[in-house]
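Naming: A, B, ... by sequence-line order, numbering from 1 per chain. Since the model is a prediction, treat every value here as computed from it, not as a measurement.
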Amino acid sequence: MERENRIWRLLLLALPLIVFSVLVIWPLLSSFYYSFTNWNGFSGDYEFVGLENFTRIWTDRLFFNAIINTAIWMAAAILLPTVLGLGLALLLDSKVRGAKVFKTVFYLPICLSAIVVGQIWVWIYQPDWGLLNTMIEQVTGDHFNYAWLARPGSALYSVIVAWSWQQTGLSMVIYLAGLTAVPSDLLEVCEIEGASAWQRVRHVIVPLLTPSTVVVVALSVINSLKGFDILFIMTGGGPFNSSDTLAMHMYNESFRKYLMGYGSAISVVLFLIALTIIGLYFRQLKKVDEIYG
Amino acid sequence: MKRITRRALLATAMAVSAAGFVAPLQAQAGEITISHYFTGELGLKAFNEQIKRFEDATGHTLKDSPVGHEDYKTDILVRASGNSLPDVFSYWAGARVQFIADSGALYPIDGMWERAGLSDVIAGSIAASATKYNGHRYLVPFNYHYAGMFYNKAVLEKAGVSDMPTDWQGFLDLCDKLKAAGVTPIALGSANRWPAQFWFDYLLLRTAGPEYRAKLMSGNASYDDAEVQRAMNMWKDLADKGYFTENANADSWTDASDKVARGDAAMTLMGTWITGYWNGLGLVPGEDYDFFAFPSIEDGVPVTSVGPVDGLVIAANAANPEGAEAFLDFMVSNTGVQAAWSKAQGALSANVKVDPSNYNPVMLKAFNTVDKSEAFAFNYDLATPPPVAEVGLSMFARFMDDPSQVNDILSQAAADAKAAFEQ
């Protein structure tokens, strides 16, 4: 009986294991393998070039451009949805009229795919008849046709705004859930003791929301690393690489320039960066766990 | 004219009957897989009609998987790396085919070319530039396009223009006149980068000539040469005078075409596919719009036409190379297929036996312009290897963003292109 059970367990485990190996582990290992070759993505014959791809990274102007953009992207994509989500959650938790409607409205964007969100914001940013420029024209009364997505100074930030618009709903919902766990009698005591609203938020609510913040930040980190599709739709990394992130740079090198070996090397570096960030984060997470159990 | 001998007649008769016997067998043995990027509403319908013609005529069956134009560039690469290329696929002649031919992913069609006598069917200049790679034939041209200065007739008439410019001064005068009439002379939509390349192509070809350009495209000349600087500075001159629509990098080529169709701008330098687009909007060729060839600039420089050639190629590991060859031959040799296709696509037929009266007046003019020009050149991103094309396309976008940076842009492009050629 016991033996039969074990066989069943192994059999049932084998299927997902095979699927996972074929679809995740194998491509991961191939990517490592190709990063040491000069494969162009087509050809059957290619050579091992040792560490050449990795040394080339250090002379690649566009790689450093992508690193800086990725840092800006990640910092903003973690900070903005978190802060905005917390602010919205606090506002909507205070039993304002129509809170339910607003909760739904703010949550809706997260149900859309990044492709749809990107396309909506492309329309909003359209220089001649887009919503944003039309509104600015109405307010100032002056002709205004700034091309938000087509100017190197604003392209990346414009995409960040669109991204935050979508992601804020998710953080808001997590914070709203966290707020239900904040004991109301504790807040009443604070109020009786004469703590101002700001002091209550600063010293009671936010510390008690730490577990929610852990979840929100973790999700933001993971989502921001995945934030390729919306950039691809809205700017394609352009104009002239001004909104290239590492993922976009990797795509360009592999699929537009046909340098699969070099693209793989970039993906290996991206993988190591992600691993480091997630590793550091999990160490922090353990500490939080120890405090909050 | 060759004398027909009895033996040749007999051989032909045997071949025909053999073909009739063999064809159904092959169809049973396996269908021909195909992939292509003709996915626009008009394109897909018309392509499927031509496939149907081939199936009816030969008994072969095709299994077809179309992919959108821009995605196709990546898709075919992914399929090649997975060793799962279809038997036949459409591809852009020039550096892209060179690139996959170098990788050994293509099947040479020299034998089929000879047997089908395609040298008599395909326009000489196209055959010379588009079909041969590394000494072998690999591609059958399916259609080609020509890039010219397409304009809104009503707008030019209103500005009092009746004669189209043939030289550079005439072109500058035209732009001045249009600007004075309150119309932006030139629309450019370079959001996807490639539409800007035609300006570089023509300015360089008309000043430095096709030979120099070929050198630049193959890495034997540099982007900071005086020739390139001169062409780019002529382009800068046009931009400085305010001849281009604002925010070129924010518009797609259809946005720019819409601006011309609406009369917000007078003209746009674009390929003949714009006729397919405009006809779809209800514009009448020759009445609502027309084109003129990019004006000559330097005397003694050969007149070159620019455009892409769409072709069909066979994968090296095709499961059904005989069927694939039959398909390629049929698609280019059958004048009915060629005429119907060029009409639907707003393209010029690669087959010289297609009666030019099939073309609408604008396409006929394009056909004659290419016919009379001394050379035919692929547009920039098909003329230079993909890694270099990336450098150039980014350079054009950066230039349109801020033309005053032209010197910086060229020295950066020179360094980047050199590095890209060395890879």
Side-chain angles (χ1 to χ4, degrees), chain A residues 27 30 34 38-46 49 52-53 56 59-62 65 122 125-130 133 143-155 158 232-242 244 249 251-264, chain B residues 70-71 73-83 85 95-96 99-106 189-193 245-252 255 258-259 264 316-317 381 385-391 393-402 405 409 412-413 415-416 419-420 423:
Chain A
S30 323
Y34 288 126
N38 63 358
W39 191 42
N40 64 8
F42 265 109
S43 181
D45 52 306
Y46 50 82
V49 292
E52 198 181 277
N53 287 327
R56 204 167 107 210
T59 58
D60 183 356
R61 183 172 58 85
L62 293 177
N65 167 57
V122 166
Y125 287 131
Q126 209 283 341
D128 295 324
W129 42 258
N133 284 355
H143 174 65
F144 194 83
N145 70 344
Y146 185 79
W148 300 91
L149 293 171
R151 302 308 301 269
S154 60
S158 303
F232 190 80
I233 286 294
M234 291 182 69
T235 65
F240 43 96
N241 310 99
S242 62
D244 261 355
H249 187 49
Y251 177 88
N252 282 340
E253 296 292 324
S254 312
F255 294 106
R256 284 194 176 145
K257 297 190 185 173
Y258 301 136
L259 303 171
M260 198 58 85
Y262 184 52
S264 300
Chain B
E70 289 303 305
D71 301 330
K73 295 170 184 166
T74 323
D75 182 82
I76 213 73
L77 171 69
V78 172
R79 287 204 254 178
S81 66
N83 236 344
L85 278 174
R96 281 176 193 273
F99 196 74
I100 49 170
D102 288 346
S103 302
L106 293 186
S190 52
N192 293 320
R193 304 189 297 173
T245 46
E246 275 182 274
N247 295 326
N249 284 338
D251 285 348
S252 69
D255 292 329
D258 290 344
K259 282 181 178 170
D264 295 344
N317 56 358
D381 63 349
V388 188
E390 277 300 304
V391 172
L393 292 175
S394 276
M395 154 185 157
F396 304 148
R398 190 173 158 208
F399 172 79
M400 282 319 294
D401 186 67
D402 187 0
Q405 300 288 314
I409 292 170
Q412 183 73 64
D416 289 353
Q423 277 161 15

With a 4.5 angstrom heavy-atom cut-off, which part of Leu85(B) approaches chain A: side chain, backbone, both or neither? neither
Flag the one option from Asp401(B), Thr74(B), Asp402(B), Asn249(B) with the top tally of heavy-atom pairs under 4.5 Å to chain A. Asp401(B)
If one checks every heavy atom of Thr59(A) against chain B at 4.5 Å, the contacting part turns out to be neither
Please classify the contact of Glu253(A) with chain B as side chain, backbone, both or neither, using a heavy-atom distance under 4.5 Å. neither
Would you mind checking which part of Tyr46(A) comes under 4.5 Å of any heavy atom in chain B, side chain (CB onward), backbone (N, CA, C, O), both or neither? neither
Indicate yes or no for a side-chain donor-acceptor contact from Asn247(B) to the backbone of Pro127(A) under 3.5 Å, with no hydrogens or angles considered. no
Is chain B contacted by the side chain of Trp39(A), its backbone, both, or neither, given a heavy-atom distance below 4.5 Å? side chain
Relative to chain B, which of Tyr146(A), Tyr258(A), Tyr262(A) shows the most heavy atom pairs under 4.5 Å? Tyr258(A)
To the nearest 0.5 Å, what is the distance between CG on Leu259(A) and CD on Glu390(B)? 10.0 Å
Show the nearest heavy-atom pair for residues Asn40(A) and Leu77(B), with the distance to one decimal. O-CD1, 4.0 Å
Identify which part of Asp102(B) has an atom lying under 4.5 Å from any heavy atom of chain A, answering side chain, backbone, both or neither. neither
When heavy-atom pairs shorter than 4.5 Å are enumerated against chain A, which of Val391(B), Leu393(B), Asp416(B) gives the highest number? Asp416(B)
Taken to the nearest 0.5 Å, the spacing of Asp244(A) CG from Ser394(B) OG works out to 8.0 Å
At a 4.5 Å cut-off on heavy atoms, which part of Asn145(A) comes close to chain B: side chain, backbone, both, or neither? both
For chain A, the option from Ala80(B), Pro387(B), Ala191(B) that forms the most heavy-atom pairs under 4.5 Å: Pro387(B)
Of the backbone (N, CA, C, O) and the side chain (C-beta and beyond), which part of Arg56(A) lies under 4.5 Å from a heavy atom of chain B, both, or neither? side chain
Atom group of Arg193(B) that falls short of 4.5 Å from chain A, counting heavy atoms: side chain
Between Leu62(A) and chain B, which part of the residue has a heavy atom less than 4.5 Å away: side chain, backbone, both or neither? neither
Nearest 0.5 Å, please: how far is CD1 in Ile76(B) from CZ in Phe255(A)? 13.5 Å
